[in-house]
Amino acid sequence: MHSIGLAQRELQGNRLDEARRILDACPPDLRHWEWHYLHRQCHVELLTIRGHVGGIHALAASPDGKLIAAASLLRRVGPPEWDLKIWDAATGKLVHELKGHRHAIGDVAFSPDSALLASAGYDKTIRLWDVNDGRELRTIAGATLFTQVAFHPDGARLAAAASQQIRVYDVAGGRELFALAGHSGEIRGLAFSADGERLASGCTHGFVKLWDLKSRKEIVSRRGPGPIASVGFSPEEDQIVSCGAGGVGPVRGEVRFWSARDGRQAPLQIVLPHSVAAAGFSADAAHIACACGDGGIAFVHAGTGAIRFTLRGHAGAVSDLAFTAGRTRLVTGSSDGTIRVWPVRNPEFVELAQPLASALTFAGDGRRFALSNVVRRLPRGGTVWLRVVPTPDQDTADPGALEFEAAKPIWALAFAPDKRWLAAAEEHAVTLWDLDKAGAAGVLVEPGVVGLSISPDGQLLATATRNPAVDHRPDLGEPAKLKVAPPQAVVSIKVWHATSGQLRHVLPGQVAVAFSPDGQRLAGAADHSVKTWDVATGKELRTFSGPADHIIGVQFVAAGRQVIGFTRRQATVWDADTGQTIATVDGVGGPAFATPDGLRVVAIHGGLVKWWDARLGRELLSLSVPEETRLIQLALSADGRRVAAAGERKVVMWHAAAP
């Protein structure tokens, strides 16, 4: 447990090698949910290329997504050599090593058709390379060093930053067409608009300029507080986005937005704790990826400026980044000499925009989950719905999404083991929904059900009604005001035949119910205790006592050898055969579950999702969401790998399986 805390701190401090070392030293038999969760975060990248000896200075991804070009200093004894290589973006294999530059390479760029590579050198040359065979096709010599290079969208022209000037060349012949002058500092950023009519540039004196290429005149010039490292256009091309170091004092990074019409700065100014060498928009334009000086790639929300997540893995500052075709992958280069290819996703969790949920559960294979909306949050005349949604982090085929309109509020959900039907407990009945035919398959008239469980063979359905004395869901409203069960309803646990609706047993319990993994026993809440019954006969087998509060959740774990009862403050683990208390976990503050092996307890507590060691009762890990949101609903997949929490406007899912 101490190692888990150390590994998490190393991970958050971007010291992934140390975090990996700590995790790798953990014995295999002690690797549980929290270990797999952190291990997954330490191995987010899809590919790591280690073929450069020195730090990466320039980076580009080909428009067709097949190649990566990178330049670095090759440190050798004697005079330094400058390293320029082309790599296969899928395998990381070396495609070409390009030799010719005699000094540092400031920038590289692929042509729009991915056939050419241009490199800008401090040796006062621009070199054009044939990507197919690695031959140098042409050398363009200048009077001063070149720091930036960019192809025009038509591929026929090339813009290069020559110290404080921009020079535009004909690609076919290498002839200079015209020059743009006006910067007072060294130019560090160049970007063409998609239509090729405008060119944005930024310099070390903090100026951002926009040029009209038809008139060859400067049309916008604005100055920020610090040197500009790169510039680009927003996806709508109505704004210029610049990044770099901001102002005076401690080094920090800034991303600024400027109007592409008049250069006025947009209200949003993103400030980061480290310098930013490059930035780029995600495919949906909702986030900006920032190459940070601390070795992380921060994804910042383009509307609020909040850091939504950070990709970590580089041991040195991230010097450049580039999105691949479709922007589904991100390529980064670092001063640590590595190139990494990343999936564009949050490594910590996945978010889905969903309204506040009254019920939430996973299908048995974890590929889908179901949820229903909270009725008290609906406008007058609003609809109660039940949704079956694909789990977003799955690697298998999308099983599709379904939505049903329910008659009354839903307080509990349970998937059948074959995943072909779903039980939903409404105010006055339990509806069985056929997921293949997308319609209701049957109705059990049983008012006030708040707990459901389906036997492993799918033949039996157990229901548990609400106890008026137990406030089992304070997060969804005051029970006294919820017309969940009419006065004549009998508080009980019942076992039904799922297909025929025939009642098999009526048992003295309420609120929560669960079948054992073999389907032979049933556990249910009974005030301050948990009872178990023989499913075949309905005979009571044992009573498990001890908690001071009412039981609001029950579960079989450890292949049915243990029973867990959850109150609003505590989880108690009993031996299922002897009734002996094995362990207690204090601090549970909301909905809670245990992993199938019974070794871990997960619960909502104080707006966080927390994990405990069930045997020792010690907290292991706290999971949070980036924005203030009140988490009220929780679900754990049957394999114990995925956990989901529902908040005010979204469902958040954490995944501990291998990526």
Side-chain angles (χ1 to χ4, degrees), residues 16-17 20 40 42-76 80-101 104-121 127-137 149 151 155 277-278 280 283 289 291 295 297 311-345 347 395 658-659:
L16 264 72
D17 288 342
R20 289 168 178 151
R40 189 168 187 258
C42 288
H43 298 82
V44 177
E45 67 272 17
L46 302 172
L47 179 67
T48 300
I49 300 173
R50 303 182 185 277
H52 291 268
V53 178
I56 304 299
H57 292 285
L59 182 80
S62 63
D64 62 10
K66 295 180 179 180
L67 301 173
I68 299 168
S72 69
L73 169 63
L74 182 61
R75 300 183 186 281
R76 290 180 177 174
E81 284 189 38
W82 301 95
D83 196 18
L84 177 58
K85 295 178 180 179
I86 297 178
W87 305 90
D88 186 294
T91 65
K93 292 183 178 179
L94 180 64
V95 177
H96 299 298
E97 186 169 3
L98 310 178
K99 295 184 178 295
H101 281 289
I105 299 167
D107 195 20
V108 291
F110 283 96
S111 60
D113 62 1
S114 301
L116 300 177
L117 178 73
S119 55
R127 297 174 188 263
L128 293 173
W129 311 85
D130 187 305
V131 169
N132 183 50
D133 57 19
R135 290 184 301 115
E136 182 181 328
L137 299 177
V149 65
F151 276 95
I297 304 100
L311 300 176
R312 300 191 180 281
H314 285 296
V318 182
S319 53
D320 206 351
L321 59 77
F323 281 96
T324 61
R327 297 181 180 265
T328 58
R329 297 287 184 267
L330 179 68
V331 184
T332 58
S334 168
S335 62
D336 65 6
T338 66
I339 301 165
R340 295 178 190 259
V341 181
W342 310 82
V344 183
R345 60 173 173 80
D395 297 323

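We're numbering straight along the sequence, starting at 1.
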In Å and rounded to the nearest 0.5 Å, what is the [atom1] to [atom2] distance from [X] to [Y]?
| X | Y | atom1 | atom2 | result |
| --- | --- | --- | --- | --- |
| Lys85 | Ile68 | NZ | CD1 | 13.5 Å |
| Lys99 | Glu136 | NZ | CD | 13.0 Å |
| Ile49 | Ile339 | CD1 | CD1 | 4.5 Å |
| Asp336 | Ile56 | CG | CD1 | 8.0 Å |
| Leu321 | Ser334 | CG | OG | 11.5 Å |
| Leu117 | Ile86 | CG | CD1 | 5.0 Å |

List in chain and number order the residues that pass side-chain contact (heavy atoms from CB on, under 4.5 Å) with [X], two or more places apart in sequence or in another chain; answer none if no residue qualifies.
| X | result |
| --- | --- |
| Ala317 | Ser335 |
| Pro63 | Phe110, Ser114 |
| Asn132 | Asp130 |
| Val344 | Phe299, Phe323, Leu330 |

Over all atoms of both residues, closest heavy-atom pair of [X] and [Y]:
| X | Y | answer |
| --- | --- | --- |
| Ser319 | Ala277 | O-CB, 3.4 Å |
| Leu128 | Ala118 | CD2-CB, 3.7 Å |
| Pro112 | Gly155 | CD-CA, 3.8 Å |
| Ser72 | Gly54 | CB-O, 3.7 Å |
| Ser111 | Ala115 | OG-N, 3.2 Å |
| Ala70 | Leu59 | CB-CD1, 4.0 Å |

Requested in this report: Hey, could you give me each pair passing salt bridge (Lys or Arg N to Asp or Glu O under 4.0 Å) that has a residue in residues 50-68? Not counting sequence neighbours.
Outcome: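 Sorted result for residues 50-68: empty, none.
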
Not counting sequence neighbours, which residues clear salt bridge (Lys or Arg N to Asp or Glu O under 4.0 Å) with [X]? List them please.
| X | answer |
| --- | --- |
| Asp107 | none |
| Arg327 | none |
| Arg340 | Glu45 |
| Asp88 | none |

Query - Min side-chain heavy-atom separation Asp83-Glu97 under 4.5 Å - result: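 Asp83 reaches Glu97 side chain to side chain.
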
Report task. Quick one: list whatever passes side chain to side chain donor-acceptor pair (under 3.5 Å) with Thr332, sequence neighbours left out. Result ->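 With neighbours one apart ignored, the set is His314, Trp342.
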
Query raised in the report: Excluding sequence neighbours, so at least two apart, what forms side chain to side chain donor-acceptor pair (under 3.5 Å) with Ser119?
Result: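 In terms of side chain to side chain donor-acceptor pair (under 3.5 Å), with neighbours along the sequence ignored, Ser119 is linked to His101, Trp129.
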
Query - Of all pairs that satisfy ring pair (Phe, Tyr, Trp, His ring centres under 6.0 Å), the ones with a partner from residues 51-72, not counting sequence neighbours - result: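 Applying ring pair (Phe, Tyr, Trp, His ring centres under 6.0 Å) to every pair that reaches into residues 51-72, excluding sequence neighbours, yields His52-Trp87.
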
**Report entry** Passing candidate, side chain to side chain contact (heavy atoms under 4.5 Å, CB included) with Pro343, options Thr328, Leu311, Leu46
**Finding:**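 Per the side chain to side chain contact (heavy atoms under 4.5 Å, CB included) rule, the option paired with Pro343 is Leu46, out of Thr328, Leu311, Leu46.
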
